[in-house]
Amino acid sequence: MSNHCELIWVNGKFIPFKNATTHVMSHTLHYGSGVFEGIKCYKTELGPAIFKLDEHINRLYSSANIYKIKIPFYPDELIQACIDLVKKNNIESGYIRPIIYFGYDSLGVHPKKCPVNVSIAMFNWGAYLGKDALEKGISVTISPWRKFHSSSFPTVAKANGQYLNSLLAVQDAHEKGYDEALLLNQEGTIAEGAGQNIFLVKDNELFTNSEDSCILMGLTRDTIIDLAKDNNIPLNIGRLSLGQLFNANEAFFCGTASEITPICSVDGRLIGFGKPGETTRKLQNLYLDIIHGKEKLYNHWLTYI
Ligand SMILES: Cc1ncc(COP(=O)(O)O)c(C=O)c1O
């Protein structure tokens, strides 16, 4: 990726991108033993603003706690580091990637005394699935790889190694010519996309699943739940079947990187009319206004730089 920003924050210091290297024997490189976040910063009339920064940093600490990784900084310090990163890189919008990773001390699976490192990088990144995806919607395939069960991995943690499951699903989807993968859980109900939560719309009501469907508890999902309440859109939270998906009038993925991406078809079956639907578009427009600071009611979700 060449669209990285010049400065990276590593263990408390800003260093040039090219100097942010780590040893090949780092524990995380071998075992995926790290946790990370994906955060977005948007251009607003009042300058750059980071969306749900505190919430992302809180989830970073929760993920680390699950894996018993002691982050050698306070949350406030990482929040400030993200703010300073945007300032120092002098950038209006982009994607912020904090990662907590083990360096080298020993090769055993237990990280024991491996040092815990923290780095925060920033990228000029637009919509994850492309601008067209937001406008026109995407094609999705049901992954042959099921989402891991929460009894094997904590699905609520955003941990590096856990993403091998998503990687298999995305590779399969792309090889088959689809834009993105949808994973079922071990019980065969819908879990989530490779990097997104899912919502359905049926008869003007919203449907999404919950933790017991083995999903990451997305912050964009939380945002949509709040917006549904504020806009009197009935919301149902529970298990989602494939039948419900194929019968839905609309479906969309949501996530920090994917924002609100309409799903037009699944394995060649059209969802609704095969175009972004009315409710999806309404929520998408509202979301876009909020992240760009145009909806004052939701300004508390933005950290202005
Ligand atoms: C597996 C998975 N599910 C859901 C999401 C959506 O989470 P959020 O809205 O917090 O970005 C992501 C993105 O981080 C993800 O990787």
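Because the structure is a prediction, the values reported are computed rather than measured. In each ligand, atom 1 is the first atom listed, and ligand 1 is the first ligand listed.
Put simply, no part of M217 is less than 4.0 Å from ligand 1, judged by heavy atoms. Heavy atoms of K52 come nearer than 4.0 angstrom to ligand 1 in no pair at all.
Considering backbone and side-chain atoms together, H56 places no N or O closer than 3.5 Å to any N or O of ligand 1. Between K147 and ligand 1, a contact under 3.5 Å exists for no N or O pair. Polar contact check, N197 against ligand 1: no nitrogen or oxygen pair lies under 3.5 Å apart. Of the polar atoms of R221, none of the N or O atoms is found under 3.5 Å from an N or O of ligand 1, judged by distance alone.
By heavy-atom distance, the residue among G195, G255, S258, G218 lying nearest atom 5 (C) of ligand 1 is G195.
When all heavy atoms of G195 and S258 are compared, the closest pair comes out as O-OG, 4.4 Å. Here the closest heavy-atom approach between residue C254 and residue T220 is recorded as CB-CG2, 3.9 Å.
Residue S166 does not touch ligand 1, judged by heavy-atom distances below 4.0 Å.
Judged purely by distance below 3.5 Å, without hydrogens or angles, the side chains of T223 and K52 pair a donor atom with an acceptor atom.
Between F36 and Y163, the distance from one ring center to the other falls under 6.0 angstrom.
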